[in-house]
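All remarks here apply to the structure that follows.
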Amino acid sequence: METNLCVAGFGGQGVMTLGKFLASATCDATDKNVTFFPSYGAEQRGGTANCFVVISDGAIGAPLGDVMDDLIVMNGPSLVKFLKTLKPGGALFINSSIVDEKDVDRDDVKVVKAPVTELALEMGNAKVLNVIMLGVYVGYTEVVPPEVVWETIEHKLGSKPKLLPLNKAAFEKGLELGRAQK
């Protein structure tokens with residue numbers, strides 16, 4: 001089994017962190033192979049950012065980004081740019097707070113909606129929108145066990161223990177949303 005994922009959005013939305021958490025969790029706690037390939041726009045905050053994560057039972061070639069099994073888009077421009085790379089039957093995860101499902105002009109993909117910007121603001125910190133979306137993705141796909149992903153998040157944020165409760169709640173909220181849309 002091999003899963004090709006593209007995560008795309010504006011700089012500052014935590015796109016790279018989402019990809020790194022998933023790749024690290026897979027690498028650290030499973031016997032699967034993984035690659036993580038980041039791509040930054042000219043500006044760090046507000047510019048475009050995307051990354052590719054490939055998870056496989058076998059050897060992985062270069063992540064080319066031309067055909068994706070799954071696509072996470074955090075903003076409209078990312079939908080426009082990457083939707084064509086999603087294979088028929090693939091899963092499209094959209095930040096429905098700022099991406100309109102009506103802009104998805106394909107009926108051969110499964111759309112998983114999550115208002116992650118709105119939810120993060122309701123939780124009191126816009127910066128957890130990526131952790132919510134990671135939860136949605138993991139809850140929906142089960143590509144990596146949720147407890148493994150949480151352990152990675154907990155480890156990566158270990159130097160900032162005050163952030164753990166909020167991030168745990170955000171991840172759990174995402175898992176709930178993802179599981180509900182299976």
Side-chain angles (χ1 to χ4, degrees), residues 1-10 12-23 25-26 30 32 34 36 48-56 63 65-123 126-150 152-153 167-182:
M1 181 209 72
E2 183 170 290
T3 300
N4 290 279
L5 167 67
C6 175
V7 184
F10 291 129
Q13 287 185 305
V15 167
M16 298 304 168
T17 301
L18 189 163
K20 285 179 192 175
F21 282 163
L22 183 62
T26 304
T30 73
K32 297 180 185 287
V34 64
F36 169 77
T48 59
N50 62 275
C51 66
F52 299 97
V53 179
V54 181
I55 299 170
S56 178
D66 52 351
V67 179
M68 296 290 109
D69 299 298
D70 299 322
L71 173 62
I72 297 173
V73 293
M74 302 295 261
N75 62 8
S78 295
L79 177 68
V80 171
K81 182 174 182 178
F82 291 103
L83 183 58
K84 65 185 173 289
T85 68
L86 187 59
K87 75 178 189 180
L92 171 64
F93 299 81
I94 63 171
N95 175 1
S96 60
S97 295
I98 60 175
V99 177
D100 193 339
E101 183 183 10
K102 293 180 222 162
D103 293 334
V104 179
D105 60 356
R106 293 181 56 181
D107 58 6
D108 63 343
V109 298
K110 169 66 177 159
V111 178
V112 180
K113 299 179 287 185
V116 295
T117 300
E118 185 179 317
L119 291 170
L121 291 171
E122 287 173 8
M123 295 180 84
K127 291 182 179 182
V128 297
L129 68 96
N130 61 336
V131 175
I132 298 170
M133 186 59 89
L134 178 57
V136 171
Y137 181 73
V138 170
Y140 183 85
T141 65
E142 298 180 359
V143 68
V144 180
E147 58 277 2
V148 167
V149 177
W150 173 249
T152 298
I153 294 169
N167 279 276
K168 177 72 170 175
F171 186 64
E172 293 292 330
K173 178 55 115 175
L175 287 172
E176 180 184 313
L177 285 168
R179 289 172 178 151
Q181 294 185 65
K182 281 187 181 183

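Count residues from 1 along the sequence.
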Name of the residue among L22, N50, L18 meeting side-chain contact (heavy atoms from CB on, under 4.5 Å) with V7 | L18

Of L177, L129, V136, the residue whose pairing with L119 passes side-chain contact (heavy atoms from CB on, under 4.5 Å) = L177

Given K127 and T17, is the side chain to side chain contact (heavy atoms under 4.5 Å, CB included) satisfied, shown in steps?
-> CA-CA 11 Å; K127 291 182 179 182; T17 301; over 6 Å; no

[X]: side chain to side chain donor-acceptor pair (under 3.5 Å) partners, not counting sequence neighbours:
X: K20; answer: none
X: E147; answer: none
X: T26; answer: none

Please say whether more than 12 non-hydrogen atoms of neighbouring residues, nucleotides or ligands are located less than 6.0 Å from CG in D100.
-> yes

List the steps, then state whether side chain to side chain contact (heavy atoms under 4.5 Å, CB included) holds for M16 with F36.
-> CA-CA 9 Å; M16 298 304 168; F36 169 77; 4.2 Å; yes

Measure across [X] and [Y] and return the closest heavy-atom pair with its distance rounded to 0.1 Å.
X: P146; Y: F171; answer: O-CE2, 3.6 Å
X: C51; Y: G19; answer: SG-CA, 3.9 Å
X: A126; Y: L121; answer: CB-CD2, 3.8 Å
X: N75; Y: G9; answer: ND2-C, 3.4 Å

For residues 67-90, the salt bridge (charged side-chain N to carboxylate O under 4.0 Å, His left out) pairs (sequence neighbours left out) are D69-K87

Using the side-chain contact (heavy atoms from CB on, under 4.5 Å) criterion, which residues pair with [X]? Sequence neighbours excluded.
X: A170; answer: M123, V128, V131, I132
X: S97; answer: N95, P115, T117, E118
X: V148; answer: A25, A29, V144, P145
X: D108; answer: P88, R106

Who pairs with E101 by salt bridge (charged side-chain N to carboxylate O under 4.0 Å, His left out), at least two apart in sequence or on another chain?
-> K113

Can you name the ring-ring contact (aromatic ring centres under 6.0 Å, His included) partners of F93, sequence neighbours left out?
-> Y137, Y140

Interatomic distance, [X] atom [atom1] to [Y] atom [atom2] [nearest 0.5 angstrom]:
X: L71; Y: T85; atom1: CG; atom2: OG1; answer: 5.5 Å
X: K32; Y: S56; atom1: NZ; atom2: OG; answer: 8.0 Å
X: N130; Y: M74; atom1: CG; atom2: CE; answer: 6.0 Å
X: I55; Y: T3; atom1: CD1; atom2: OG1; answer: 6.0 Å
X: T152; Y: L134; atom1: OG1; atom2: CG; answer: 9.5 Å
X: L5; Y: M68; atom1: CG; atom2: CE; answer: 8.0 Å

Which pairs pass ring-ring contact (aromatic ring centres under 6.0 Å, His included) with one or both residues in residues 98-119, sequence neighbours excluded?
-> none

Keeping to residues at least two apart or across chains, list the side-chain hydrogen bond (donor to acceptor under 3.5 Å, both in side chains) pairs with something in residues 173-182.
-> E142-K182

Kindly indicate, with the supporting measurements, whether the criterion side chain to side chain contact (heavy atoms under 4.5 Å, CB included) is fulfilled by N4 and V67.
-> CA-CA 8 Å; N4 290 279; V67 179; over 6 Å; no

